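Keep in mind it's a predicted model, so treat the numbers as computed, not measured. In the text below, chain A, chain B and the rest are named by the order of the sequence lines, each starting its count at 1.
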Number of protein chains: 2
Amino acid sequence: MQDIIEILKEHNIAPSMQRVKILEYLQNNRIHPTADIIYQALMDEIPTLSKTTVYNTLNAFIEKGILVALSLFENEVRYEYNTDPHIHFKCSICGKIYDLDKSYDLYKDDFIDGHKVTEHHVNLKGICKNCVKPTTRSTQRLPEIAKRKITKFHTLRS
Amino acid sequence: MQDIIEILKEHNIAPSMQRVKILEYLQNNRIHPTADIIYQALMDEIPTLSKTTVYNTLNAFIEKGILVALSLFENEVRYEYNTDPHIHFKCSICGKIYDLDKSYDLYKDDFIDGHKVTEHHVNLKGICKNCVKPTTRSTQRLPEIAKRKITKFHTLRS
DNA sequence: ACCCGACTTTGTAGTCATTACAAAAATGAG
DNA sequence: CTCATTTTTGTAATGACTACAAAGTCGGGT
């Protein structure tokens, strides 16, 4: 895609084959992949691909502002192409990460308590609509974690 | 402190010396330490302490709901005793993490878009009031990152 | 007090994600 | 084509965390 080459050039990154393929993958697969997922996915197309190249490329993209790195939960780094404001929801059952397009107005000012805010992340965790099994009305067949009554935040962590 | 032993018993954790010291440290040092920081800090008191014990203990505390593990930024796991809902702010200059007592009303309902929400994290990043050097009115002496004009989100909302 | 079984701690070794580094390959200007 | 620069690659190193088994600790029953 010519688009991708243009994007790379606009960000002062030489459009090598590896870089184009990695950015293309991230554009087409909005699944917040880890570096390893990207590596595995591109091994067929680029048999000589090195994991070092994936890391180098991702870090270059982040440096230039094309990507955002996420530290959501469980100490895993994931990368996403979408840099628009949105909220992340991670399912503790299936592990899938959802982008929620809910907007929020919190702290849209530059400073809070004297601190200058440059990044703002809202991360939710729970059980996604698929894993909650909406076919049954009762909670009988839900995983144990899904049945717990929520009493306060931060209590559940798998 | 007898308090700490009571807390452990209430959570069905046998109050061994190591566990008491680790919980005591977390109670007295609200600095969102890493496992290694805790280990380093207690080595004087408990010369035989093993890092495995620190990890085992922290995981047991999390399991029982005494602690919360945080994945804020930079892929580092930190632990905090305060399980009340609050917001985290990390300074990208000094690395210090601040608890902000701002309350927030977002998605305190159980479900959003059909997903059951059990955890809710708001993480801010920027430059803390100390590193912004409030003594100077101009931005001349600020670190480069502090001078950037915020143009797009993750920072602020339109 | 002793014994025994269960729990806890410890150290070592292993895993996994990420980075450091240097050699090999590709690229591009002259 | 040639040479210098950039990019990719593979290996080795780092660092956080876990698995596992041996050693230590503790408490109840006799």
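- Distance NZ (B/Lys21) to C1' (C/dT8): 17 Å, rounded to an integer number of Å.
- Contact between the side-chain N/O atoms of A/Ser50 and the OP1/OP2 oxygens of D/dT8 is not found at any separation under 4.0 Å.
- When the nucleotides D/dT8, D/dT18, C/dT10 are ranked by their closest atom to the side chain of B/Leu49, C/dT10 comes out on top.
- Judged by closest nucleotide on DNA chain C, B/Ile13 is the one of B/Ile13 and A/Ala35 placed further toward the 5' end.
- The side-chain contact (heavy atoms from CB on, under 4.5 Å) test with A/Leu23 is passed by exactly one of A/Ile7, A/Ile5, A/Ile13, A/Asn28: A/Ile7.
- In this structure, CG of A/Asp36 is placed 13 Å from C1' of C/dT15, rounded to the nearest angstrom.
- Of the inter-residue distances, the one linking A/Ile31 atom CD1 with A/Glu80 atom CD reads 12.0 Å to the nearest 0.5 angstrom.
- Nucleic acid contact class of A/Asn56 (heavy atoms, under 4.0 Å, all strands): base.
- Taking atom OH of A/Tyr39 as the reference point, atom P of C/dA17 lies 12 Å away to the nearest angstrom.
- Atom CD1 in B/Ile22 sits about 11 Å away from atom C1' in C/dT9, given to the nearest Å.
- Rounding to whole angstrom units, CG of residue A/Leu8 and P of C/dT27 are separated by 15 Å.
- Dashed line: the shortest gap from a side-chain N or O of A/Asn59 to OP1 or OP2 of C/dT19 is under 4.0 Å.
- One N or O on the side chain of B/Thr57 and one on the backbone of B/Thr53 form a donor-acceptor pair closer than 3.5 Å.
- A donor-acceptor pair under 3.5 Å links the side-chain atoms of A/Ser92 to the main chain of A/Gly126, judged by distance alone.
- The base of D/dT11 is paired with the side chain of A/Thr52 by a donor and an acceptor separated by under 3.5 Å.
- OP1 or OP2 of D/dT9 lies within a sub-4.0 Å distance of a side-chain N or O belonging to A/Gln18.
- No salt bridge links B/Lys129 with A/Asp113; every basic N to acidic carboxylate O contact stays at or beyond 4.0 Å.
- At whole-Å resolution of the value, CZ in A/Arg19 and P in C/dT27 are 12 Å apart.
- Residue B/Ile46 places its side chain closer to C/dT10 than to any other of C/dT8, C/dT10, D/dT9.
- When heavy atoms are screened at a 4.0 angstrom cut-off, B/Thr48 is found touching the sugar-phosphate backbone but no base atom.
- The side chain of A/Tyr55 approaches C/dT18 more closely than any other nucleotide in the set D/dT9, D/dT8, C/dT18.
- The CG-P distance, from A/Leu42 to D/dT9, rounds to 11 Å in whole Å.
- When rounded to the nearest whole Å, the span between NZ of A/Lys51 and P of D/dG10 equals 12 Å.
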